[in-house]
Amino acid sequence: MACANYVDYVIKNEKNVAAILVEPITGTNGVVVPPKEYLPTLKRIAEENDVLFIADEVMTGWGPCR
């Protein structure tokens, strides 16, 4: 959640952020699943600051390919 707080801080202080782009679950550096409240918090931060929220989900989006 410290990362989400830092994103909020940067947006409020830089004032030139166009989007928040996240990969919800990473896989190339180990499977990292964020805390349950992390993505909703980022979405709320984006909405409050009129910033585009983009979730680029590739790792779990493919499913089993046969």
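As the structure is a prediction and not an experimental result, all values here were calculated from the model.
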Looking only at heavy atoms, which two atoms of [X] and [Y] are closest? And how far apart?
X     : Y     : result
Cys3  : Tyr38 : CB-OH, 3.9 Å
Ala19 : Val51 : CA-CG1, 3.4 Å
Pro24 : Ala55 : CG-CB, 3.9 Å

How long is the span from the [atom1] atom in [X] to the [atom2] atom in [Y], to the nearest 0.5 Å?
X     : Y     : atom1 : atom2 : answer
Lys12 : Glu48 : NZ    : CD    : 5.5 Å
Asp50 : Glu47 : CG    : CD    : 10.0 Å
Thr41 : Asn5  : OG1   : CG    : 8.0 Å

message = Taking the side chain as everything from C-beta on, heavy atoms only, tell me whether Val7 gets closer than 4.5 Å to Leu42.
response =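 Yes, at least one pair of side-chain atoms sits under 4.5 Å.
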message = Within the 4.5 Å heavy-atom criterion, are Ile45 and Phe53 side-chain neighbours or not?
response =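 No, their side chains stay 4.5 Å or more apart.
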query = With the 4.5 Å side-chain cut-off for hydrophobic clustering, are Leu52 and Ile20 part of the same group?
reply = no
ask   = Does Val32 share a hydrophobic cluster with Tyr6, counting links as ILVMFWY side-chain heavy atoms below 4.5 Å and allowing steps through other members?
value =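 No; tracing contacts between hydrophobic side chains, which count when under 4.5 Å, never links both residues.
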key: Asn13 atom CG, over 12 foreign heavy atoms within 6.0 Å   = yes
